[in-house]
Amino acid sequence: MNADGFTSKNLPKPLWLCAELTYSCPLQCPYCSNPVDFAWQKDTLSTEDWIRVLRQARRLGAVQLGFSGGEPLLRRDLETLVSEGRKLGYYTNLITSAYGLTEARIKALKEAGLDHIQISFQAGVKELNDFMAGTEVFEHKVASARLVKQYGYEVVLNFVIYRDNIDHIDVMLEMAAEIGADQVELANVQYYGWAFLNRDRLLPTKEQVERAEQIAHEYQEKFKGRMRVLFVVPDYYEERPKACMNGWGNLFLTIAPDGTALPCQAARQLPGLEFPNVRNHSVEWIWNESPAFNRFRGFDWMREPCRSCPERFKDFGGCRCQAYLLTGDPANTDPVCSLSPHHDLVLAAIASARASAQQHSDKGKIVFRNVRNSVRAAH
Amino acid sequence: MAQLDDASVLALSPKFRLQWEEAQNCYVLLYAEGMIKLNKSASEILTLVDGKRSLGAIIEELKSRFPGAPIESDVKEFIQVAHERGWVHVKEPS
Ligand code: SF4
Ligand code: SF4
């Protein structure tokens, strides 16, 4: 025991616990961050397992709890888990496509103590939204968002941004304001998982990104004090990588539907790491002791140019998954960084996406996230 | 923005939750996907914001807890900022 906390070690705390309740989802977004081979992973955690995880993580200092997936509403015990989470003192967030979000459920979740609902949109208009979702869901999303507002929740709308919708963020923002959203996130696709497969088809051009950013700023002014507007840039156009997860094993703990504990949702694909499972280990051991959570923690694992770079304390060398996907080695500098010897890979990806944008004035090849494509991609 | 004076009855905004965090050893304000850690004086003030006390009553209470300390302007300044950030709002007289 010491004066400034209950731990004696100076380890970071998993303030954010992301509970991926299931990989099942009725939607088929081609940018989904779930693993490409999700069809082979089973949802094996029981209600009791999840409750144990919530308790153990809370004891370790977790305070934000996100229920996500897949589509978390598919779990019938969601209300039970929300209620347990709330009792434990978590701030409880539901991250949903709104598929299956009925008024009865909005009410039941409110009674269970849910604090906040985030609804994701594929676009600001029905046609494109439903094309990308692979199912008719736009109107239901809008209606659900209104209901969520009516029930007194904080309403956060999350629009995923890619080449075909980035020129229309004004439409999204006007719609969000009309619904009365408290916050809008314009989140450019991050290129992992399914999005990586579809990168040529999804990555906007630099001009598109710059224009969108400017429009987002105009709307930030316009809605000041009424609705917060966040614009998350696609890191491919940056000179420096994002501080991915605020550092490996530093803030975020994700539990996958089969109980695998991950430092981020995409980490599962990284080679040479054995991610522990909450069915065999305590959250405390996983977070503090497991080799996987310590592999890229801190700064000792770094190679040059990160190792001696003064910016390493700010960006932690970027994203391990991106380093792996692009360079084949997760211990390399994130190639988004212009100091990376592999930065040309990012430039090549941008050029390739631009060429593909010019080729297909219409819809190019796109791989939707569904069981059939998952089974195929994993072989 | 509703005006703020000694008679204003203050309440915590429903979008924020104030709670003691054992692991942080401090009070925090929780909100959608975020957390603000509060220092000692901010905690002393915010734990008195209960939807019943007026700003004046909060100042009186703190004066009695910390006799002799010149706190009035600090409290007012803090509440002003907390109000601007949407943590607290002025309760309409019902
Ligand atoms: S991104 Fe789309 S497909 Fe993936 S879980 Fe979310 S709603 Fe489902
Ligand atoms: S070299 Fe590494 S630490 Fe330095 S800016 Fe690039 S990614 Fe960050």
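Quick note on labels: first sequence line is chain A, next is B, and so on, each numbered from 1.
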Nearest-0.5 Å distance that lies between atom CE in Met35(B) and atom OH in Tyr91(A): 13.5 Å
Nearest-0.5 Å distance that lies between atom CG in Leu30(B) and atom CG in Leu65(A): 11.5 Å
Val63(A)/Gln24(B) under side chain to side chain contact (heavy atoms under 4.5 Å, CB included): CA gap, chis, key distance, verdict: CA-CA 10 Å; Val63(A) 67; Gln24(B) 305 289 335; 5.9 Å; no
Side chain / backbone / both / neither for Glu33(B) at chain A, heavy atoms under 4.5 Å: both
Portion of Ile117(A) that has a non-hydrogen atom of chain B nearer than 4.5 angstrom: neither
Separation of Arg17(B) CZ from Arg86(A) CZ (nearest 0.5 Å): 4.0 Å
Minimal non-hydrogen separation, Gly61(A) against Ala23(B), with atom names: CA-CB, 3.5 Å
Largest heavy-atom contact set with chain A, pairs under 4.5 Å, which of Pro14(B), Gly34(B), Gly86(B): Gly34(B)
Distance in Å, Phe16(B) CZ paired with Glu154(A) CD, rounded so as to fall on 0.5 Å steps: 7.5 Å
Atom CZ of Phe78(B) with >12 non-hydrogen neighbours under 6.0 angstrom: yes
Pair Glu21(B) + Lys13(A), salt bridge at N-O below 4.0 Å: no
Exercise: identify the closest heavy-atom pair between Gln19(B) and Gly89(A): NE2-O, 2.7 Å
Distance (rounded to the nearest 0.5 Å) between Asp182(A) CG and Lys15(B) NZ: 3.5 Å
